[in-house]
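Only one structure is covered here, and it is reproduced in the block below.
We number each residue from 1, following the sequence as shown.
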Amino acid sequence: MGSVSREVVTLQLGHYSNFVGTHWWNIQDAALCYDAEPSNPYSEISNNVLFREGLTLRGQPTYTPRLIIMDLKGSLSSLKQEGALYGISQTEPALTWKGNLTVHKEDPIIKNQFLQQLDRLSGEVDSNRNLDSTAFQGEERPAPRPVAGRPLDLSQSAYQLESNVRVWSDYLRVHLHPKTISVIQQFNHSSTSDRFEAFGFGEKLVRDPSFLDDFEDRLHFYIEECDYLQGFHVLCDLQDGFSGLSAKVVELLNDEYGGKGIFTCGFTPTSYTDTNPVKEVHRLLNSVMGIVHLSNRSSIFCPMSLNRNALGRKRSSPVTFPHVMYDASLNYHSSALLATALETLTTPYRLQPSTVSLTQLTDALNQSGRKVITASATIPFPLRDVDTLPDVLCNQHTELPWTGLSPCGDFKETRCFAQSVVIRGISSERQISNLPPGVKGTSILHACPTGEEVLSTFLHSHFPTALSAVHLAQSPCKVTTPYPQFFTPSFNKEGQLIGSGLTSTSAVESIPVLTALQSSPVLHSVLRNLYREVSRLNLRKFSTFLSASTELDDFREVLEELKTLSQSYKMNFEVDESEDDSDAE
């Protein structure tokens, strides 16, 4: 793994974002390979873009995410803040008190069966120094390549994670560096009072010198060892205090590393257990503040949720996927689908060799100041074992082959300014038509000589004026344990559709995926409606939000920026209705 890579540093800020991030790192860990394996189909993804090499205190090689995680106190469950990889513990302060002491200790949290099995496997790795390709591939691994060991039974059904996952660390399969996790001690994850629920709380936290020093120490640790820093991924919660914290963090990144790409994703859960009307307004206000500030300071900003109306107060039913039976009330489920999309849409600047960088991709998508973009995906991409890419795309007829993953209501995108579309998991020979020479295909797609041309031609038929960048990768998306097994039985273990009336008894191990990032005119209506909804509120009624160091005049200024932002997505022939902001609630 010694080749020079264009590194990206990832920041995960918020509890739901850490749910998404945990699945994302697990997916990558399941597919990790080594430079010594050029024949491995997964070798087209450069692991070194997001992962870093290191050594433990005992001189053992490690491979950990280049990652900073922030979450509230009580969100780690059984996971140690410093991790288990380096065998270190937090230093206890020296005692100077000479009197009697009373010690209070909490019982250790019992790990679920998945984590217990992971611990047992880690013990085997320490003693045998080898890994099996069907086993968990943790960070502590030999170099330059793993040696085959004995298979382990890691069937999904044995762990019952749907009922055992409470926080994101309950299914984390990768080791983390001691510089990764930062716990915000001022707020408690499970507290019913003094909640981290307002944008201003996050802004105020970053102004704390001790917090800022700790963050910069972690950030500089990762950046100083980079050969060529591409930029940053920022995964953040959009509807609580992490929205404000993320806005200040992105501002710091932009000030200190100007010119580097900053790709920010603002996540919102599919549903909330707390539907108090005041809480719903707070989420709405946080969304507005987050969208404006994060889009201003990032290269591109993409809001993502499986709820089409996640930004507003009246949440709609979750989106559906034709071949996925997920429970929208489980963060463990919904975050897995978002992570699958994230893994694919970030592929273009992680390929080896890659002709595009993170900065080039973001510059192509944010033309004319349109920094807010939308995400869509097809999970899994419906490919039968006898199909080619032209066959599948032709079967779509006039429909677009993806489901929206950005909260854009019921608006359908029919136009596009610019887009990046990625398909992974289709071998090179199946990216083009397999018809014999001289046989005419049913569409122009069957005559295309490359997979890139097939996809470009298909996109041009739907978006003839859009700037489109297409990328195809042969490596599928790995969905082994602890990824949820919520796929219908119509898929085999490679994620391909099997014959009609047949069902598979094998767990799905990998799937083909299609994703799209778009700068779309649909955002004009989405942002305009958000502006209207907030404009009708009497903000003085929501003292908690305003008491968190957010001034009323500042918020009104942000609201005007939101209105201006929505206008940048307006097509020339569109006519706005009257911007009625009366009837304040």
Side-chain angles (χ1 to χ4, degrees), residues 6 8-11 229-236 238 243 246-247 249-267 287-304 311 341-342 344-350 354-377 404-408 413 415-422 459 463 465-471 515-528 530-531 558 561-572:
R6 298 181 292 182
V8 174
V9 176
T10 302
L11 291 82
L229 178 67
Q230 285 197 70
F232 305 89
H233 292 144
V234 180
L235 317 184
C236 65
L238 188 59
S243 183
S246 302
V249 165
V250 172
E251 182 180 15
L252 291 172
L253 297 177
N254 203 22
D255 290 343
E256 191 166 352
Y257 304 98
K260 303 298 183 182
I262 303 176
F263 180 12
T264 303
C265 293
F267 293 102
S287 296
V288 169
M289 295 286 285
I291 290 172
V292 171
H293 285 295
L294 289 168
S295 62
N296 282 343
R297 299 163 183 175
S298 304
S299 302
I300 53 174
F301 170 72
C302 182
M304 295 183 69
L311 299 180
L342 184 66
T344 300
L345 59 86
T346 59
T347 296
Y349 48 89
R350 295 165 49 211
S354 176
T355 58
V356 63
S357 67
L358 173 58
T359 301
Q360 290 171 325
L361 179 65
T362 57
D363 286 347
L365 290 171
N366 68 9
Q367 296 178 358
S368 303
R370 303 184 189 103
K371 291 187 176 183
V372 183
I373 61 174
T374 64
S376 304
L405 301 182
S406 291
C408 294
E413 71 272 22
R415 298 177 301 275
C416 179
F417 299 115
Q419 59 186 344
S420 169
V421 180
V422 181
L459 294 174
F463 307 101
T465 62
L467 173 65
S468 299
V470 301
H471 291 85
T515 62
L517 286 176
Q518 293 183 314
S519 175
S520 171
V522 73
L523 288 164
H524 169 55
S525 299
V526 174
L527 299 176
R528 180 190 60 188
L530 191 60
Y531 166 82
V558 166
E561 290 186 52
L562 178 67
K563 181 179 179 181
T564 302
L565 181 62
S566 73
Q567 294 297 320
S568 67
Y569 293 89
K570 181 181 177 182
M571 303 294 286
N572 293 333

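- In this structure the side chain of Tyr569 never reaches within 4.5 angstrom of the side chain of Val526, judged on heavy atoms.
- Between the Thr515 side chain and the Ala377 main chain, no donor and acceptor come within less than 3.5 Å of each other.
- Across Val421 and Ala516, no two heavy atoms sit closer than the pair CG2-CB, 4.0 Å.
- Side-chain contact of Ser298 with Thr264: a donor-acceptor pair under 3.5 Å is present, judged by distance alone.
- Here the side chains of Val9 and Leu253 are not in contact, with every heavy-atom distance at 4.5 Å or above.
- Taking each heavy atom of Leu467 and Gln367 in turn, the nearest pair found is CD2-NE2, 3.3 Å.
- Using a 4.5 Å cut-off on side-chain heavy atoms (C-beta onward), Val558 and His293 make contact.
- Here the rule is side-chain contact (heavy atoms from CB on, under 4.5 Å) with Thr374, and of Pro407, Cys302, Ser406 only Ser406 fits it.
- Summarising the geometry, atom NZ belonging to Lys570 is positioned 5.5 Å from atom NE2 belonging to His524; distances are rounded to the nearest 0.5 Å.
- Here CD of Gln419 is found 10.0 Å from OG of Ser519. Values are rounded to the nearest 0.5 Å.
- Between Ser299 atom OG and Asn254 atom CG the span is 7.0 Å, to the nearest 0.5 Å.
- In this structure a side-chain-to-backbone donor-acceptor pair under 3.5 Å is missing from Glu561 to Val292.
- Side-chain contact between Leu294 and Ser246 is present, with at least one heavy-atom pair separated by less than 4.5 Å.
- The OG1 atom of Thr362 lies 12.0 Å from the NZ atom of Lys260; values are rounded to the nearest 0.5 Å.
- For His233, the ring pair (Phe, Tyr, Trp, His ring centres under 6.0 Å) partners two or more places apart in sequence, or in a different chain, are Trp24, Tyr349.
- Side-chain N or O atoms of Thr344 include none that pairs as donor or acceptor with a backbone N or O of Ala341 at under 3.5 Å.
- Annotation: side chain of Ile291 is in contact with side chain of Leu530 (closest heavy-atom distance under 4.5 Å).
- Taking the side chain as every heavy atom from C-beta outward, Phe263 and Val8 never approach each other to under 4.5 Å.
- Closest heavy-atom contact between Gly261 and Thr359: N-OG1, 3.2 Å.
- Residues Leu235 and Leu342 form a side-chain contact, since some pair of their non-hydrogen atoms from C-beta on lies under 4.5 Å apart.
- Between Ser295 and Lys371, the shortest heavy-atom distance links the atoms O-CD, 2.8 Å.
- Distance check: Arg370 CZ to Leu523 CG gives 10.5 Å after rounding to the nearest 0.5 Å.
- Qualifying ring pair (Phe, Tyr, Trp, His ring centres under 6.0 Å) partners for Phe301, counting only residues two or more places apart in sequence or in other chains: none.
- Residue Cys416 comes nearest to Thr465 through the heavy atom pair O-OG1, 4.5 Å, listed as atom of the first residue, atom of the second, then distance.
- Atoms CG and CG, on Leu361 and Asn366 in that order, are 9.5 Å from each other to the nearest 0.5 Å.
- A heavy-atom distance below 4.5 Å is not found between the side chains of Leu345 and Ser420.
- Scanning all heavy atoms of the two residues, the minimum distance from Pro348 to Val422 falls at CG-CG2, 3.6 Å.
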